[in-house]
Amino acid sequence: MHVGLNLVWLAEDSGGAGTYSRELLSGLLAHGVAVTAWVTPSAPAEVVGIEGADWVRVAHPAAGIAARAWHPLAGIAWDARRRGVELIH
């Protein structure tokens, strides 16, 4: 199984969502699941520092709601398919 995690929204001050992301990623990797994760430069080091995932660093989404929505919806879906991801979360 190859899982993709859309973490472009994740930032240092994400609180519980950051904890959830870190635990989910660690759990998937511990069970032998291949993981590709999309992050921006604002992603917390304790998440991006987890070894074993394929990290895809994307630029910060542009200003404006339409521009911010494009990459998570279309760009990541296209890239996931290209990388063989079977499920995006």
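Values in this document were obtained by computation on a predicted structure and should not be read as measured data.
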What pairs with His89 under side chain to side chain contact (heavy atoms under 4.5 Å, CB included), at least two apart in sequence or on another chain?
Leu5, Tyr20, Leu24
Can you list the residues that meet the side chain to side chain donor-acceptor pair (under 3.5 Å) rule with Thr36, with sequence neighbours excluded?
His2
Could you go through the side chain to side chain contact (heavy atoms under 4.5 Å, CB included) check for Val85 and Leu87 one step at a time?
CA-CA 6 Å; Val85 170; Leu87 172 74; 5.5 Å; no
Do [X] and [Y] make a side-chain contact, defined as non-hydrogen atoms from C-beta onward lying under 4.5 Å apart?
| X | Y | answer |
| --- | --- | --- |
| Ser21 | Trp9 | yes |
| Ile50 | Arg22 | yes |
| Ile76 | Val8 | yes |

Hey, quick one: are Val58 and Leu25 part of the same hydrophobic cluster, counting side-chain heavy atoms closer than 4.5 Å, chains of contacts allowed?
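Per the 4.5 Å side-chain linkage, Val58 and Leu25 are not co-clustered.
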Do side-chain atoms of Ser26 reach the backbone of Glu23 as a donor and acceptor pair under 3.5 angstrom?
no
Between the main-chain N or O of Gly15 and the side-chain N or O of Asp13, is there a donor-acceptor pair closer than 3.5 Å?
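Looks like no, no N/O pair under 3.5 Å.
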Separation between CD of Glu46 and CD of Glu12, rounded to the nearest 0.5 Å
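So the CD of Glu46 and the CD of Glu12 are separated by 6.0 Å.
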Starting from the C-alpha separation in whole Å, work towards a yes-or-no answer on side chain to side chain contact (heavy atoms under 4.5 Å, CB included) for Arg57 and Val48.
CA-CA 10 Å; Arg57 287 169 173 76; Val48 180; 2.7 Å; yes
Start with the C-alpha distance between Trp55 and Val47, add both sets of side-chain angles, then the distance that settles side chain to side chain contact (heavy atoms under 4.5 Å, CB included), and finish with yes or no.
CA-CA 10 Å; Trp55 294 101; Val47 174; 3.9 Å; yes
Locate the shortest heavy-atom distance separating Pro44 from Leu10; write the atom from each residue and the value.
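Shortest heavy-atom contact: CD-CG, 3.6 Å.
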Considering all heavy atoms, the nearest Ala77-Ile88 contact
CA-CD1, 4.1 Å
For Arg83, enumerate each residue passing the salt bridge (Lys or Arg N to Asp or Glu O under 4.0 Å) test, keeping only those at least two apart in sequence or located in another chain.
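Arg83 satisfies salt bridge (Lys or Arg N to Asp or Glu O under 4.0 Å) with Asp54, Asp79 once adjacent residues are dropped.
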Going through the checks in order, is the side chain to side chain contact (heavy atoms under 4.5 Å, CB included) test met by Val3 and Glu86?
CA-CA 6 Å; Val3 174; Glu86 300 167 273; over 6 Å; no
